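Following: one structure in structure tokens, then a few remarks.
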Amino acid sequence: MELVSISMREPTFGHATTPSLHLKGRPKSASLTLKSSHISQPTAGGFESMDDYMSRKPEITRENLMVEEFLNDGLVYQCHFLVRSYESGPDNKMTMFFVINQLQESKLNHFISCGLVERGLGKTGFGTTHEMTKRDLIWVVHKLQVVVDQFPSWNDVVELRTWICKHGKNSYRRNWIARDKKSGKVLIRAICFYVLMNRRTRKLSKFCEELKEEMNPFFLDSHPILEEDNIVSQKLHFHQHYCTHASLVTRLSDLDMNQHINNASYINFILEGTPRSVLEKYQLSGITIKYLKECSVDQQLQSLSVPLENDVVNGTPLIKDKDIKLHHSILSDGIELVRAKTVWTPKFN
């Protein structure tokens, strides 16, 4: 996954000067603290310097993690989270599964805090707006791309910013950027493309004019935080050269409020089909997932993976100290549910 300069992709933010902000349509019963920031003049490089970042960052403590802030005239949502022990792996680092769960949580909190979604509407699905509820529509993930420069460690405080942009006629794109709160270092960048699905028929739906009118005030005109990565357009097979696979069964704990397998669960499915030598010697530093079909509970799955560039033979890396890429498919009864690409960086002990 080729990264682009952050200064070209992230909106420029200013200093938080207004003590509070009440956004139109925001539920009055919400108890979270909101702050507003005005747009500042861009720097010569189009992006704030580290000194500017360190001088304007608010005091965030472990007891004050629920403070939220709106930047860029209320179009960029900022929050913080503490990396918990149960979110960390054997290396003391946050796992990709929990990274994606945190991204998903910030999406919901963003919609609720800006008034686009009301609290207590969980039965209708993740982040459904008023117009969506009228038409029995829900959001589903079409494609997710995450690039990790460095995983946060247990007990780290992470600052997370997210915003939404128009993308085509019948979808929208969400951007995320995560920083270490103490140093300001960029840790994670991600983009995700969402489409509409009818909750009853389970068929994709178009954006109606009423929904466009409802969401337009919340879109930010900006470039993606990452260059979109294209996945190899082929389905994997058991007998494919150098293919490794694992058999799985979906569980009730994998279901979400949309009554299908949560998109983050597929991360664990993909890892189960990854060669053990890769898991032991490499760290997952990037993933692109394309969701093709829904999956429910008690389904038999096959997780398949093959090297993209002949980097691995029978699970053994051919070139040491070099990133490797794997192509993945998740199948059920021969039907491909998910297609993905992963990037792995050598572990240096």
Side-chain angles (χ1 to χ4, degrees), residues 1-16 35 37 39-40 42-43 45-54 56-58 60 65 67-83 87 93-94 96 98-111 113-114 141 143-153 156-167 172-194 218-229 264 284-288 343:
M1 301 176 189
E2 184 178 354
L3 303 186
V4 296
S5 171
I6 303 175
S7 64
M8 296 294 292
R9 298 296 170 180
E10 186 184 12
T12 303
F13 308 107
H15 299 267
K35 295 182 179 179
S37 294
I39 303 175
S40 64
T43 62
F47 187 70
E48 62 185 356
S49 67
M50 186 59 70
D51 290 339
D52 291 337
Y53 172 83
M54 297 299 289
R56 71 151 191 85
K57 66 177 184 178
I60 300 295
L65 284 173
V67 171
E68 297 173 309
E69 187 176 4
F70 278 97
L71 312 172
N72 238 38
D73 279 357
L75 297 179
V76 177
Y77 172 80
Q78 178 175 287
C79 61
H80 303 83
F81 65 87
L82 177 71
V83 179
E87 297 176 321
K93 301 291 186 180
M94 192 175 191
M96 184 68 81
F98 284 108
V99 166
I100 293 177
N101 275 320
Q102 285 287 356
L103 299 183
Q104 184 169 265
E105 187 69 14
S106 69
K107 165 212 163 184
L108 298 175
N109 289 336
H110 175 203
F111 277 171
S113 295
C114 71
V141 177
K143 186 178 180 181
L144 172 67
Q145 181 179 342
V146 182
V147 172
V148 178
D149 297 325
Q150 179 182 322
F151 281 100
S153 300
D156 284 348
V157 177
V158 178
E159 176 191 274
L160 184 61
R161 293 174 178 175
T162 183
W163 61 97
I164 60 175
C165 307
K166 293 180 180 179
H167 183 265
Y172 81 87
R173 183 188 75 246
R174 179 170 286 276
N175 305 264
W176 290 274
I177 185 166
R179 286 188 175 90
D180 180 86
K181 184 59 187 175
K182 184 179 294 186
S183 67
K185 180 180 179 181
V186 173
L187 303 175
I188 300 163
R189 280 161 281 181
I191 55 175
C192 188
F193 302 92
Y194 292 88
F218 301 94
F219 286 130
L220 179 66
D221 185 14
S222 75
H223 295 289
I225 198 72
L226 295 170
E227 290 285 2
E228 186 176 353
D229 186 32
L284 181 60
S285 60
I287 187 166
T288 302
V343 180

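Here the structure is a predicted model, which is why all the values come from computation and not from measurement. Position 1 is the first residue of the sequence; numbering continues from there.
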Non-hydrogen atoms of R179 and G184 that approach each other most closely: CD-O, 3.1 Å
Shortest non-hydrogen contact from L144 toward I100: CD2-CD1, 3.7 Å
Approximate separation, where rounding is to 0.5 Å, of I225 CD1 and I188 CD1: 13.0 Å
Distance, nearest 0.5 Å, that separates CD1 of I164 from NE2 of H110: 6.0 Å
Residue of the set W163, F111, W176, F70 for which ring-ring contact (aromatic ring centres under 6.0 Å, His included) holds with Y77: F70
Minimal non-hydrogen separation, A190 against V146, with atom names: CB-CG2, 4.0 Å
Side chains of L103 and L160 in contact at under 4.5 Å (non-hydrogen atoms): yes
Donor-acceptor pair, side chain of T162 and main chain of N175, under 3.5 angstrom: yes
Separation between CZ of R174 and CG of L220, rounded to the nearest 0.5 Å: 11.5 Å
E87 side, atom CD; M94 side, atom CE - distance, nearest 0.5 Å: 4.0 Å
Nearest-0.5 Å distance, CD of residue Q78 to CD of residue E68: 10.5 Å
Test log, rule side-chain contact (heavy atoms from CB on, under 4.5 Å), inputs V99 and F151: CA-CA 9 Å; V99 166; F151 281 100; 4.0 Å; yes
From CA spacing to verdict: side-chain contact (heavy atoms from CB on, under 4.5 Å), K143, T288: CA-CA 7 Å; K143 186 178 180 181; T288 302; 3.7 Å; yes
Under-4.0 Å salt bridge between R173 and E228: no
Spacing of I287 atom CD1 and D229 atom CG [to the nearest 0.5 Å]: 11.0 Å
Nearest non-hydrogen partners of P224 and I191, listed with the distance: CB-CG2, 4.3 Å
4.5 Å side-chain heavy-atom contact, V141 and Y194: yes
Test side chain to side chain contact (heavy atoms under 4.5 Å, CB included) applied to K181 and L82, V157, D156, the passing residue: V157
R189 with D149: basic N within carboxylate O range, under 4.0 Å: yes
Any side-chain heavy-atom pair of V148 and M96 under 4.5 Å: yes
